[in-house]
*Asks:* 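Below are the structure tokens for one structure; questions will follow.
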Amino acid sequence: MTTIARATDTLTRDALAVLQPGFTGTTAPDWLLRRLGEGLASVALFGRNVRTPEQVAALTARLRAEREDVLVAIDEEGGDVTRLEVRTGSSFPGNLALGAVDDVGLTRAVAAELGRRLAECGVNFNWAPSADVNSNPDNPVIGVRSFGSGTDLVARHTAAYVTGLQSSGVAACTKHFPGHGDTAVDSHHAVPRIDVDAAVLAERDLVPFRAAIAAGSRAVMSAHILVPALDPDRPATLSRRVLTDLLRGELGYDGLIVTDGIEMKAIAGTYGIERGTVLAIAAGADAICVGGGLSDEGTVRRLSDALVEAVRAGELSEERLADAADRVRALARWTATNRPDAEARDTADGDVGLRAARRALRVTAAGEYTPVTEAPYVAALAPVANIAVGDETPWGIAAELTRLLPGTETGSFTGPDAGNEVLAAAGKRRIVAVVRDEHRHPWMGAALDTVLAARPDTIVVEMGVPLAEPRGSLHLATHGAARVCGRAAAEAVAGV
């Protein structure tokens, strides 16, 4: 049945309100400011929009000059996924490191300090934390972004993170519902499929989301994953059974539901972004994340027009679109009225990230370890970065070791002959081999075999998920590749 629109202007404003678009540049373009006046309620920031905290603060202030209650969203997980520190590496370890420490008070403090820094920049909506239980060791996109493989551990740290982040007045967005941990495919590239029964999902994957809801998470992000036990036909982002019947109905969640990036191949490659947007809103999503790749005014126009046309054609009820827009505006009101007081803003804990990274470091020595005192050679055995992490953010320990041991040299290696290339490049220097998820990359393990056979005094630093057996004269597991994790490892290598 065709629904009669109340008014074109109202319908268009609702269609704009449910979009969370990105843009290019470090200042707000005119088209974005104009759209804020026409009904756009959210703006998404990515690494390309960030230079300095002061620049971000000026940018968000300009946005609020057009719309005081605008939601300014960012993907700032800390750890490997950072936007505020995209060019330097994060001051905070990621979830796996926090899970390794397993101190919920520390997780809450890290999230609170991260939130404080976001709030200082005028960011009030963070697409974090990841509540995924990393149950599949071959997962190419979650890994260190998860608190771990244990359901209860992930649940308690998810709740602590939500509480800490929102104490700073920044809305948390728990992701990726109903759980992206048991996948071997990256949804940036294709549709992952999780073939377990509903009982496993309820006892494993849904538990952290229940904890997040109980902790008051203001938003939940859907995953572009197919879970046949819940819906055999459509991925979660487009599934009414998942978003409305399960998340709203069974779990009793009443906050904002936002999609993962709608231009990711799992949706765009199968449905197209316009159709995907309409289906997501119809299924129960309230906001559409877009702009990680498509960041122009034309994309905003295409998606808002698609929503308006779907209402006019009777494919999307006007009431559903209006409800979604109202939920976006309600979250905007919450952020506008839940800003931290002056005392909270002034209570900084700038070292909490480094303290957490040091506590997360796991050290395994083959015998009595003598610290390195002369400049070594740091060999990074580098896999291809996943899209969520990106390739802009530096990782490793070379920069931190150079600070402690001036003259340190470094190189990056990959492929079947990486081990011999490392030996040739290092010469007589002590080798520090840095790896990321050795267990997932056979070439990486083979390279370490070659290096260790020739140079058994090599130090191995694992900056991914530490599932491979520790080896080397010293093995350091950092549980993530944040800058502070690199610093903690460098301190151990140099014995400081």
Side-chain angles (χ1 to χ4, degrees), residues 18 20 127 129-133 135-136 139 141-142 146 151 154-155 158 172-183 185-188 190-214 217-262 264-271 273 275-290 310 315-317 320-321 323-324 327-328:
V18 303
Q20 295 190 340
W127 294 319
S130 168
D132 307 298
V133 179
S135 53
N136 188 335
N139 197 312
V141 69
I142 301 301
S146 167
T151 296
V154 173
T158 295
C173 181
T174 305
K175 60 189 184 185
H176 306 81
F177 187 82
H180 209 310
D182 192 11
T183 62
V185 173
D186 184 344
S187 51
H188 290 90
V191 182
R193 179 186 175 104
I194 297 180
D195 283 310
V196 298
D197 62 34
V200 172
L201 293 169
E203 295 170 4
R204 183 187 66 186
D205 300 276
L206 297 183
V207 172
F209 290 96
R210 291 183 183 275
I213 293 167
S217 184
R218 306 304 301 189
V220 168
M221 176 177 280
S222 67
H224 304 331
I225 57 175
L226 186 67
V227 188
L230 302 178
D231 188 332
D233 302 315
R234 288 184 173 173
T237 290
L238 310 183
S239 172
R240 182 174 179 82
R241 295 184 192 179
V242 174
L243 299 188
T244 298
D245 298 345
L246 177 58
L247 183 53
R248 291 264 186 244
E250 184 178 330
L251 272 62
Y253 178 65
D254 194 41
L256 186 80
I257 300 175
V258 60
T259 70
D260 207 343
I262 205 70
M264 292 163 61
K265 292 296 184 184
I267 300 298
T270 305
Y271 300 88
I273 62 169
R275 182 69 177 154
T277 292
V278 170
L279 290 174
I281 298 296
D286 306 305
I288 305 294
C289 170
V290 64
E315 297 173 357
L316 173 65
S317 81
R320 170 78 274 270
L321 179 59
D323 173 64
R327 289 181 188 276
V328 174

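Here the structure is a predicted model, which means the values were calculated and not measured.
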*Asks:* Using a 3.5 Å distance criterion without hydrogens, assess whether the side chain of Y271 forms a donor-acceptor pair with backbone atoms of A266.
*Replies:* no
*Asks:* Could you check whether any side-chain N or O of T237 sits under 3.5 Å from a backbone N or O of A223, counting only pairs where one atom can act as donor and the other as acceptor?
*Replies:* yes
*Asks:* Which heavy-atom pair separates A287 from L256 by the least distance, and what is that distance?
*Replies:* CB-CD2, 4.4 Å
*Asks:* Rounded at 0.5 Å granularity, tell me how far OG in S317 sits from CG in D323.
*Replies:* 8.5 Å
*Asks:* At their closest point, which heavy atom of R204 faces which heavy atom of S135, and how far apart are they?
*Replies:* NH1-OG, 3.5 Å
*Asks:* I'd like to know if the side chain of S146 reaches the main chain of D132, judged simply by a donor and an acceptor atom lying under 3.5 Å from each other, with no hydrogens or angles considered.
*Replies:* yes
*Asks:* Between L247 and V242, does the side-chain contact (heavy atoms from CB on, under 4.5 Å) criterion hold? Intermediate values first, please.
*Replies:* CA-CA 6 Å; L247 183 53; V242 174; 5.9 Å; no
*Asks:* Is a donor on one side and an acceptor on the other found under 3.5 Å between the side chain of T259 and the backbone of I262?
*Replies:* no
*Asks:* State the NE2-CE distance between H180 and M221, to the nearest 0.5 angstrom.
*Replies:* 11.0 Å
*Asks:* Taking the basic N atoms (NZ, or NE/NH1/NH2) and the acidic carboxylate oxygens, is any pair closer than 4.0 Å for E250 and R241?
*Replies:* no
*Asks:* Can you name the nearest heavy-atom pair linking V328 to V18, along with the distance?
*Replies:* CG2-CA, 4.3 Å
*Asks:* For R240, does the CZ atom sit with more than 12 other heavy atoms under 6.0 Å from it, leaving out its own atoms?
*Replies:* no
*Asks:* Picking from T277, T270, I267, what satisfies side-chain contact (heavy atoms from CB on, under 4.5 Å) with L238?
*Replies:* I267
*Asks:* I'd like to know whether R248 forms a side-chain contact (heavy atoms from CB on, under 4.5 Å) with I257, so could you lay out the CA-CA distance, the side-chain angles of the two residues, the decisive distance to 0.1 Å, and finally the verdict.
*Replies:* CA-CA 9 Å; R248 291 264 186 244; I257 300 175; 3.5 Å; yes
*Asks:* Looking at R218 and D286, does any basic side-chain N land under 4.0 Å from a carboxylate oxygen?
*Replies:* no
*Asks:* Any donor and acceptor pair, going by atom type alone, linking the side chain of D182 with main-chain N or O of L201 inside 3.5 Å?
*Replies:* no
*Asks:* Counting N and O atoms only, with roles assigned by atom type, does the side chain of R210 sit under 3.5 Å from a partner on the main chain of A155, one being a donor and the other an acceptor?
*Replies:* no
*Asks:* Going by the side-chain contact (heavy atoms from CB on, under 4.5 Å) test, name the single residue among S130, P208, S217 that passes it with T158.
*Replies:* P208
*Asks:* Say you draw a straight line from CG of L321 to CD1 of I281; how long is it, rounded to the nearest 0.5 Å?
*Replies:* 7.0 Å
*Asks:* Given 3.5 Å as the limit, does a donor-acceptor pair link the side chain of K175 with the main chain of W127, or not?
*Replies:* yes
*Asks:* Distance from L206 atom CG to F177 atom CZ, nearest 0.5 Å?
*Replies:* 5.5 Å
*Asks:* Do C289 and V258 have side chains that approach each other closer than 4.5 Å (heavy atoms only, starting at C-beta)?
*Replies:* yes
*Asks:* Within this structure, what is the NE2-CD1 distance for the pair H176 and I225, rounded to the nearest 0.5 Å?
*Replies:* 9.5 Å
*Asks:* Is there a side-chain contact between V220 and C173 in this structure, where contact means two heavy atoms from C-beta onward sitting under 4.5 Å apart?
*Replies:* no
*Asks:* Could you walk me through whether S239 and L230 satisfy the side-chain contact (heavy atoms from CB on, under 4.5 Å) test, starting with their C-alpha distance in whole Å, then the side-chain angles of each, then the deciding distance to 0.1 Å, before giving a yes or no?
*Replies:* CA-CA 9 Å; S239 172; L230 302 178; over 6 Å; no
*Asks:* Any donor and acceptor pair, going by atom type alone, linking the side chain of H224 with main-chain N or O of G261 inside 3.5 Å?
*Replies:* yes
*Asks:* To the nearest 0.5 Å, how far apart are CG in D233 and CG in L226?
*Replies:* 8.0 Å
*Asks:* So, does N139 use its side chain to make a donor-acceptor pair with the main chain of G181 at under 3.5 Å?
*Replies:* yes
*Asks:* Of the non-hydrogen atoms in S222 and L243, which two are nearest, and what is the gap between them?
*Replies:* CB-CD2, 4.0 Å
*Asks:* Donor-acceptor pair, distance only, cut-off 3.5 Å: does the side chain of T244 make one with the backbone of A283?
*Replies:* yes
*Asks:* Walk me through whether L246 and F209 qualify under side-chain contact (heavy atoms from CB on, under 4.5 Å).
*Replies:* CA-CA 11 Å; L246 177 58; F209 290 96; over 6 Å; no
